Enquirer: 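Below you'll find the structure I mean.
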Amino acid sequence: MTNEMFSKSWFFNLDKTLRDCGLDSDLYSFDEILTRITDDKFKATHDEFAWCAIYSIMASGVKQKTAKIYHKRIMDKLLQEHTKEDLFQIFKNTNKINAICEIWDNRDKICDNYYNCETLSGKLSFLRKLPGLGPITKDHLARNLGENMVKYDIWVQRLGIIYDGNPQLEMDNANLKPEVKQACDDMFNHLIRETGLPRGYIDVVLF
């Protein structure tokens with residue numbers, strides 16, 4: 001059953017079903033994300049960087065549909081004259097609004113510093129230090145910025161455990177267990193071989 005579930009046909013059927021249902025997107029469409037991941041020369045503008053970062057902050061802990069609605073409202077307000085109170089009236093989470101304002105107000109410097117990092121690990125370490133971004137949300141942001149990588153959220157971990165087939169393997173929502181990460185990596189490596197697609201794109205389809 002596991003081999004059939006994680007086959008080439010299973011993945012491409014999942015991809016097609018999501019597209020047919022109009023669910024082929026995160027912040028960007030599946031095709032846009034794939035283009036970013038496979039384009040070594042892609043570089044976000046300062047505003048695009050902030051757009052992505054703010055979405056990752058807002059998407060943490062809420063449904064994708066809800067995140068998109070509030071993200072658009074917040075971005076529309078940021079492009080106008082606004083106060084923090086205006087933003088708080090849209091999304092009543094003080095910590096997230098403070099983080100959003102800090103990133104938006106300093107987006108030029110933050111974006112430049114990100115691209116000045118010479119390695120992926122350096123970029124991820126930099127993103128982890130930004131306000132409002134945790135260990136998973138920083139991976140989410142990096143992926144949407146075109147890095148070919150995975151965010152080990154609860155859904156990916158569950159699939160990794162199913163792929164592994166070990167009934168004793170359990171998640172810890174607060175911390176990514178090494179053995180669960182290995183199961184997820186094994187799953188992604190398998191699907192890369194099956195589909196020929198980059199892990200970052202496989203991640204967005206599974207998400």
Side-chain angles (χ1 to χ4, degrees), residues 1-40 52 55-68 119-125 127-128 132-207:
M1 178 179 175
T2 299
N3 289 337
E4 292 177 1
M5 177 176 175
F6 293 94
S7 66
K8 178 179 180 179
S9 61
W10 170 80
F11 181 85
F12 283 116
N13 283 336
L14 174 61
D15 189 305
K16 182 179 184 302
T17 299
L18 291 172
R19 290 173 182 270
D20 290 346
C21 293
L23 299 174
D24 56 324
S25 68
D26 183 40
L27 175 58
Y28 300 100
S29 72
F30 282 8
D31 290 335
E32 288 174 307
I33 292 174
L34 180 59
T35 296
R36 288 186 172 204
I37 290 172
T38 55
D39 181 3
D40 292 337
C52 288
Y55 178 77
S56 296
I57 291 170
M58 302 206 67
S60 174
V62 301
K63 294 181 179 180
Q64 185 186 85
K65 183 177 180 180
T66 302
K68 286 185 175 183
T119 64
L120 176 58
S121 61
K123 289 179 178 179
L124 295 177
S125 294
L127 293 181
R128 184 66 180 87
L133 293 176
I136 292 176
T137 48
K138 67 122 171 42
D139 292 343
H140 187 185
L141 172 55
R143 204 269 325 275
N144 281 349
L145 289 171
E147 301 296 344
N148 183 24
M149 59 174 303
V150 172
K151 58 178 187 345
Y152 298 93
D153 61 16
I154 187 172
W155 309 110
V156 166
Q157 290 185 52
R158 285 175 176 171
L159 283 173
I161 289 173
I162 292 171
Y163 176 82
D164 186 81
N166 181 354
Q168 295 183 338
L169 202 56
E170 296 181 350
M171 290 186 305
D172 178 351
N173 290 341
N175 297 289
L176 176 61
K177 293 183 176 180
E179 58 271 26
V180 174
K181 180 179 183 299
Q182 185 60 58
C184 294
D185 289 340
D186 291 343
M187 175 186 69
F188 278 104
N189 290 335
H190 169 77
L191 287 171
I192 290 167
R193 291 191 297 270
E194 286 283 304
T195 66
L197 291 166
R199 69 181 60 243
Y201 180 75
I202 293 170
D203 178 60
V204 76
V205 173
L206 297 183
F207 172 71

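Heavy atoms only: backbone and side chains are in, while hydrogens, waters and symmetry mates are out. Everything numeric in this text was worked out from a predicted model, so none of it was measured.
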Enquirer: Could you tell me if the side chain of L27 sits less than 4.5 Å from the side chain of H140, heavy atoms only?
Expert: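 Side chain of H140 against side chain of L27, heavy atoms only: no contact under 4.5 Å found.
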
Enquirer: If you take all heavy atoms of G200 and N148, which pair is closest and at what distance?
Expert: N-OD1, 2.7 Å

Enquirer: Indicate the atoms forming the closest heavy-atom contact of R36 with N144, along with that distance.
Expert: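 What the structure gives for the nearest pair is NH1-O, 2.9 Å.
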
Enquirer: Is D24 reaching over with its side chain to a backbone N or O of S29, donor-acceptor style, under 3.5 angstrom?
Expert: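 Not a single qualifying donor-acceptor pair exists.
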
Enquirer: Hey, are R199 and D203 close enough for a salt bridge, meaning a charged N less than 4.0 Å from a carboxylate O?
Expert: no

Enquirer: Mind checking the CZ-SG spacing from R143 to C52? Nearest 0.5 Å is all I need.
Expert: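 Answer for the CZ-SG pair, R143 versus C52, is 10.0 Å.
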
Enquirer: Any chance you could measure K151, atom NZ, to L176, atom CG, to the nearest 0.5 Å?
Expert: 13.0 Å

Enquirer: Which heavy-atom pair separates T137 from G132 by the least distance, and what is that distance?
Expert: OG1-O, 4.1 Å

Enquirer: To the nearest 0.5 Å, tell me how far L191 CG sits from Y201 OH.
Expert: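 OH of Y201 is found 12.5 Å from CG of L191.
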
Enquirer: At what distance, to the nearest 0.5 angstrom, does CG of L197 lie from OG1 of T38?
Expert: 10.0 Å

Enquirer: Are R19 and F30 in a cation-pi contact, defined as NZ or CZ under 6.0 Å from the six-membered ring centre and within 45° of the axis?
Expert: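 No, cation not above the ring by the 6.0 Å, 45° rule.
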
Enquirer: Measure the spacing between OG of S60 and CG of L141 and express it to the nearest 0.5 Å.
Expert: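 It comes to 12.5 Å.
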
Enquirer: Hey, are the side chains of V180 and L169 touching, using non-hydrogen atoms and a 4.5 Å cut-off?
Expert: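 Touching, per the 4.5 Å side-chain cut-off.
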
Enquirer: Does some side-chain heavy atom of L206 sit less than 4.5 Å from a side-chain heavy atom of M187?
Expert: yes

Enquirer: If I compare all heavy atoms of D139 with all of P135, which pair ends up nearest, and what's the gap?
Expert: OD2-O, 3.2 Å

Enquirer: Might you work through the side-chain contact (heavy atoms from CB on, under 4.5 Å) test for K181 and V150, ending with a clear yes or no?
Expert: CA-CA 10 Å; K181 180 179 183 299; V150 172; over 6 Å; no

Enquirer: Judged by atom type as modelled, is there a donor-acceptor pair below 3.5 Å linking the side chain of K68 to the main-chain atoms of D26?
Expert: yes

Enquirer: Measure the shortest side-chain to side-chain distance between I57 and L133 over non-hydrogen atoms and say whether it is less than 4.5 angstrom.
Expert: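 Side chain of I57 against side chain of L133, heavy atoms only: contact under 4.5 Å found.
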
Enquirer: Is the backbone N or O of K177 less than 3.5 Å from a side-chain atom of N175, with the two atoms forming a donor-acceptor pair by type?
Expert: no

Enquirer: Please say whether more than 12 non-hydrogen atoms of neighbouring residues, nucleotides or ligands are located less than 6.0 Å from CG in D40.
Expert: no

Enquirer: Students often mix this up, so state it plainly: with edges at 30° and 60°, are the rings of Y163 and H190 parallel, tilted or perpendicular?
Expert: tilted

Enquirer: Can you tell if the side chain of E179 reaches within under 4.5 Å of the side chain of N166, non-hydrogen atoms only?
Expert: no

Enquirer: Does some side-chain heavy atom of D185 sit less than 4.5 Å from a side-chain heavy atom of Y152?
Expert: yes

Enquirer: Can you find a pair of side-chain heavy atoms, one from T195 and one from F12, that are under 4.5 Å apart?
Expert: yes

Enquirer: Would you say that L124 contacts M149 through its side chain, given a criterion of any heavy-atom pair below 4.5 Å between the two side chains?
Expert: yes

Enquirer: How far apart are the closest heavy atoms of A67 and A59, and which atoms are they?
Expert: CB-CA, 3.6 Å

Enquirer: Quick one: pull up CH2 in W10 and CG in N13 and give me the separation to the nearest 0.5 Å.
Expert: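 Here the interatomic distance stands at 10.5 Å.
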
